[in-house]
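Working notes, beginning with the structure itself.
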Amino acid sequence: MTIDTHGLRRLFTGWAQLMTASKDVLTELDSVVGDGDLGLTMSDGFAAASQYAQHSDERDLGQFFYQAGKTMASAVPSTMGTLMASGLMQAGKAFKGRESMAPDEMGTFFQAWFDGVQQRGKARPGEKTFLDGLAPAVAVLTSSQGSPAALAREALLQAQHGVRQTTTMVARHGRAAIHGERSRAFVDPGAMVAQLLVQGYFNFVQEREQEPLC
């Protein structure tokens, strides 16, 4: 069953709900290594993107993702807000001119999101950032070795592992880098955002699997 912009509304709704539900967790993590506004930034940013998704009549996947990213960038013009928006906008470029996508192309979607964030933030995996939560999930989703549900489940497990692994890394970017070696003890809040993105996709796949075929 292919995915179009109408079907993607549920995914964006799920992301917005997860970010809102996790606002306190993200705020707490960010208050240790940053300025403590990540929870609000992500909940407001994904709420804005979801609002766009629910009210848009756009059928072109590329335009849909790109405009959702632009909407997020306008709503939360902070560092992390800009990075997340850049990921969505890069996904828009990857799907330009398309009106539907196969479930196994979600690996392409998340790879584009990863690339957009990396290009904008100039970080690399291993430097204790959002990328460390998303990279292991992307590796699974681009492998195409399994059903969408199985891949989504394994991607979530790998994203969770990636988040735990950030406690072995020294931060190289942002306010967290000020802590130097002490930053090894902290879970990276950006990586947790990546885990929530993959969690939202896992939930989306689970719901689609339960839908009747007719």
Side-chain angles (χ1 to χ4, degrees), residues 3 5 8-9 11-12 14-16 18-19 26 34 38 41-53 56 58 60-98 101-143 152 155-156 158-159 162-163 166 171-174 176 188-202 204:
I3 304 169
T5 57
L8 285 166
R9 292 175 183 174
L11 179 59
F12 276 79
W15 278 334
L18 269 176
M19 294 300 171
L26 293 175
L38 185 62
T41 297
M42 291 297 92
S43 60
D44 286 355
F46 279 90
S50 179
Q51 279 292 105
Y52 164 79
S56 173
E58 180 62 65
D60 184 298
L61 289 172
Q63 281 296 320
F64 182 81
F65 290 137
Y66 192 86
Q67 292 301 326
K70 284 192 68 174
T71 300
M72 182 185 291
S74 296
V76 285
S78 63
T79 299
M80 193 62 174
T82 299
L83 288 173
M84 294 302 94
S86 296
L88 264 176
M89 292 166 76
Q90 185 65 31
K93 295 176 183 178
F95 287 92
K96 183 179 180 181
R98 299 274 304 278
M101 60 194 293
D104 60 9
E105 290 183 283
M106 286 304 293
T108 301
F109 170 79
F110 279 107
Q111 180 68 66
W113 195 314
F114 178 97
D115 293 342
V117 172
Q118 185 173 43
Q119 290 166 15
R120 189 60 183 259
K122 310 302 182 185
R124 296 180 298 178
E127 295 181 342
K128 203 179 182 81
T129 69
F130 168 87
L131 301 180
D132 294 300
L134 192 58
V138 168
V140 172
L141 293 172
T142 55
S143 71
L156 177 56
Q158 290 302 315
V163 170
T166 64
R172 304 295 183 187
H173 300 271
D188 183 69
M192 181 60 74
V193 171
Q195 178 183 311
L196 292 172
L197 282 183
V198 181
Q199 174 75 63
Y201 173 60
F202 171 77
F204 173 72

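Values reported hereafter were calculated over all heavy atoms of this structure, with side chains retained and with hydrogens, waters and symmetry mates removed.
For the atom pair CD of Gln158 and CG of Leu141, the computed distance is 10.5 Å after rounding to the nearest 0.5 Å. To the nearest 0.5 Å, atom NZ of residue Lys122 and atom CD of residue Glu127 are 13.0 Å apart. Rounding to the nearest 0.5 angstrom, the gap separating the CG atom in Leu11 from the CG atom in Leu197 is 9.0 Å. Note that the CZ atom of Phe46 and the CD atom of Gln51 stand 14.5 Å from one another [nearest 0.5 Å]. Here CG of Leu26 is found 5.0 Å from CG of Leu38. Values are rounded to the nearest 0.5 Å. Rounded to the nearest 0.5 Å, atoms CD1 (Ile3) and CG (Leu61) are 9.0 Å apart.
Of the possible donor and acceptor atoms, none in the side chain of Asp132 sits under 3.5 Å from a partner among the backbone N and O of Gly162.
By the 4.5 Å heavy-atom criterion applied to side chains, Leu196 and Trp15 are not counted as neighbours.
Contacts of Ser56 classified as side chain to side chain donor-acceptor pair (under 3.5 Å), with partners at least two apart in sequence or in another chain: Tyr52. For Tyr66, there are no side chain to side chain donor-acceptor pair (under 3.5 Å) partners two or more places apart in sequence or in a different chain. Not counting sequence neighbours, Asp44 has no partner by the side chain to side chain donor-acceptor pair (under 3.5 Å) test. Judged as a side chain to side chain donor-acceptor pair (under 3.5 Å), and not counting sequence neighbours, the contacts of Ser50 are Gln54.
In plain terms, the two heavy atoms of Ala152 and Tyr201 that are nearest each other are CB-CE2, 3.8 Å. Between Ala137 and Val198 the shortest heavy-atom distance is CB-CG2, 3.7 Å. Across all their heavy atoms, Phe95 and Asp60 have their closest contact at O-OD1, 4.0 Å.
Annotation for Arg120: atom CZ does not count as buried by contact number, only 12 or fewer foreign heavy atoms lying within 6.0 Å.
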If you apply the rule side chain to side chain contact (heavy atoms under 4.5 Å, CB included), what do you find for Val193 with Met19, and how did you get there? CA-CA 8 Å; Val193 171; Met19 294 300 171; 3.9 Å; yes

Report the C-alpha distance between Phe65 and Trp113 in whole Å, list the side-chain angles of each, state the deciding distance to 0.1 Å, and finish with yes or no for side chain to side chain contact (heavy atoms under 4.5 Å, CB included). CA-CA 10 Å; Phe65 290 137; Trp113 195 314; over 6 Å; no

Could you go through the side chain to side chain contact (heavy atoms under 4.5 Å, CB included) check for Val163 and Asp188 one step at a time? CA-CA 7 Å; Val163 170; Asp188 183 69; over 6 Å; no

Considering only distance and modelled atom types, tabulate donor-acceptor pairs under 3.5 Å from the side chains of residues 76-93, sequence neighbours left out.
| from | atom 1 | to | atom 2 | distance (Å) |
| --- | --- | --- | --- | --- |
| Ser78 | OG | Gly81 | N | 3.3 |
| Thr82 | OG1 | Ser78 | O | 2.8 |
| Ser86 | OG | Thr82 | O | 2.8 |

Throw together a table of side-chain donor-acceptor distances under 3.5 angstrom for residues 103-110, partners on residues two or more places apart or in other chains.
| from | atom 1 | to | atom 2 | distance (Å) |
| --- | --- | --- | --- | --- |
| Glu105 | OE1 | Arg98 | NH2 | 2.7 |
| Glu105 | OE1 | Ala102 | N | 2.7 |
| Glu105 | OE2 | Arg98 | NH1 | 3.2 |
| Glu105 | OE2 | Arg98 | NH2 | 3.1 |

